[in-house]
Amino acid sequence: MQEQKNAGWAKEEWQENPLLKRIMNTEEIFWLNPKYKSRYSNPIVQPIKVKEAEGRLKRFAPYIAKDFPETKPMKGIIESPLIEISSMKHELEESYNLAIPGKLMLKCDSHLPISGSIKARGGIYEVLKKAEEIAMKDRGFKETDHYELLASDDYKELFTNYSIAVGSTGNLGLSIGIISARLGFKVTVHMSADAKQWKKDKLTSLGVIVKEYEEDYSKAVEEGRKQASHDPRCHFIDDENSVDLLFGYATAASRLQEQLKARSILVDEDHPLFVYLPCGVGGGPGGITYGLKLAFQENVHCFFAEPTHSPCMTLGLATGLHDKVSVQDFGVDNKTEADGLAVGRPSKLVSEMMTSMLSGSYTIEDGRLFELLRKLAKTENYYLEPSALAGVYGPVQMFQSEEGERYIREEGLTGKLNQATHIVWATGGSMVPKEMMDTYLSEM
Ligand SMILES: *Cc1c(COP(=O)(O)O)cnc(C)c1O
């Protein structure tokens with residue numbers, strides 16, 4: 001992999017491909033995955049692991065409720081609201097001059113407790129799993145014991161003998177840092193250049209060691225992995241390869257299924273569900289897609305959203321080269337204000353898994369992220385960080401592009417669109433400091 005970096009080899013090979021040409025010019029695209037199988041059978045799929053993750057999060061709920069009192073009303077279950085955004089739907093229809101048939105909803109992971117982003121799912125899950133493992137190994141802790149015990153000084157002291165490390169563009173570091181520091185672990189977060197200062201400051205104030213790099217996300221992960229490998233008591237959370245992260249994210253699907261049921265919103269052959277997920281390295285959206293496919297099979301249609309300057313997953317999938325190519329290989333600079341999505345090379349694990357599960361992906365310009373941020377604030381009073389707006393553009397792409405039209409036709413969805421539900425996954429934002437949000441709202 002090393003020798004391919006900055007080689008530009010891929011660029012030459014794909015020079016004449018019309019889609020790749022547009023990606024290299026950082027134009028917005030909507031890509032349909034030709035390998036998508038509505039009924040997939042995938043050897044990587046292990047439904048039992050998702051069930052296990054669900055069970056573990058339930059066991060930990062009393063601990064979460066104790067150490068994070070804001071989760072008490074939900075009895076220690078970390079979950080976000082699902083809301084209908086019909087005013088935003090009108091706004092999109094007006095400004096893009098199109099019709100979005102069906103319901104438009106927002107899944108507010110931006111407002112997940114503890115760390116205010118989608119990373120409160122996978123990231124926190126993996127740290128809890130590690131803590132449980134240590135407690136069992138060193139203290140004979142059992143699944144049937146009281147998990148509030150893990151909040152005691154005794155256990156905090158035990159965890160200080162261990163450390164956690166992670167590489168991040170910001171939000172994963174924030175999630176891992178907050179939960180690990182509260183449990184008692186020593187934590188080191190390796191931050192890429194894109195990481196926002198307020199995220200680093202917040203972590204430093206919690207006693208987390210923050211290491212900064214001038215390079216992008218891939219470098220931060222690589223360095224973190226290398227440094228952690230020298231220390232047997234250090235667990236490295238590997239955003240590029242971790243299946244535990246993925247299973248943690250995947251638990252979102254059964255929770256969503258319950259939320260839809262509670263509102264009598266059907267998902268079946270006649271009621272398709274479209275889900276639009278912002279994608280960085282792929283763990284979050286990949287894990288959720290995986291869970292959604294287990295829950296809804298061919299009746300859910302998942303699309304990833306990436307910035308025009310960081311289309312790493314689209315490139316990995318469209319070329320079939322997965323993590324063997326980076327956006328830089330195609331002359332794309334990986335510079336975006338959407339810090340959570342500023343990733344130049346996709347996760348191998350996720351890219352391979354999505355080969356037959358993902359319906360497609362699209363890109364969005366940074367300027368449009370801010371435009372949508374202001375529109376959502378104005379119409380729905382919801383304040384998100386720029387990365388989280390990438391999903392909102394999905395229904396627009398779906399109903400204004402030829403590719404969208406083709407997808408609907410080929411999947412036999414034409415007569416079912418009025419009964420469709422579109423869910424835009426809002427991946428972060430509730431912890432953005434007010435001054436920062438004010439500049440987002442005033443940027444034109
Ligand atoms: C991390 C993140 C994503 C994407 O998740 P990946 O696992 O990196 O693909 C999307 N939005 C926000 C706000 C994020 O922090």
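Just so you know, ligand 1 is whichever comes first in the structure, and atom 1 is the first atom listed for that ligand.
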- Task: Considering heavy atoms of the protein only, find what lies nearest to atom 4 (C) of ligand 1 and give residue, atom and distance to 0.1 Å.
- Result: G280 N, 3.5 Å
- Query: Looking only at heavy atoms, is any part of L172 under 4.0 Å from ligand 1, and if so is it the side chain, the backbone, or both, or is it neither?
  - Reply: neither
- Do NZ/NE/NH1/NH2 and the carboxylate oxygens of K211 and E223 come within less than 4.0 Å? no
- Can you list the ligand 1 atoms lying under 4.0 Å from a non-hydrogen atom of G284? 6 (P), 7 (O)
- What protein heavy atom sits nearest atom 8 (O) of ligand 1, and how far off is it? V281 N, 3.1 Å
- For T308 and T363, test the side chains for any donor-to-acceptor distance below 3.5 angstrom and give the result as yes or no. no
- Message: Given the ring of F68, does R182 sit roughly above its face, with NZ or CZ under 6.0 Å from the centre of the six-membered ring and within 45° of the axis?
- Response: yes
- Of all the heavy atoms in A388, does at least one lie under 4.0 Å from an atom in ligand 1? no
- Item | Ring geometry between Y362 and F30 (parallel below 30°, tilted from 30 to 60°, perpendicular above 60°) | perpendicular
- Task: Could you tell me whether some N/O pair between Y249 and ligand 1 is separated by less than 3.5 angstrom?
- Result: no
- Item | Heavy-atom donor-acceptor pair, E380 side chain to A377 backbone, under 3.5 Å | no
- Query: Strictly under 4.0 Å, does any heavy atom of P285 approach an atom of ligand 1?
  - Reply: yes
- Going by distance alone, is a donor N or O of one side chain under 3.5 Å from an acceptor N or O of the other, for T427 and D109? no
- Query: Would you say L341 has any N or O atom under 3.5 Å from an N or O of ligand 1, going by distance alone?
  - Reply: no
- In ligand 1, which numbered atoms sit nearer than 4.0 Å to a non-hydrogen atom of C279? 9 (O)
- Test applied, side chain to side chain contact (heavy atoms under 4.5 Å, CB included); reference residue, S80; option that passes from H111, M74, K107: K107
- Under 4.0 Å to a heavy atom of N171 - the qualifying atoms of ligand 1, by number: 13 (C), 14 (C), 15 (O)
- Message: Taking distance alone, with N or O pairs closer than 3.5 Å, would you say P278 contacts ligand 1?
- Response: no
- Item | T427: numbered ligand 1 atoms lying under 4.0 Å from its heavy atoms | 10 (C), 11 (N), 12 (C), 13 (C)
- Task: Under 4.0 Å from a heavy atom of K119: give me the atoms of ligand 1 that qualify, with their elements.
- Result: 1 (C), 2 (C), 3 (C), 5 (O), 14 (C), 15 (O)
- Go through the structure and list residues passing ring pair (Phe, Tyr, Trp, His ring centres under 6.0 Å) with F185, not counting sequence neighbours. F159
- Report, in ascending order of atom number, the atoms of ligand 1 lying under 4.0 Å from any heavy atom of S387. 11 (N), 13 (C)
- With a cut-off of under 6.0 Å to the ring centre and 45° to the axis, is R121 in cation-pi contact with Y249? no
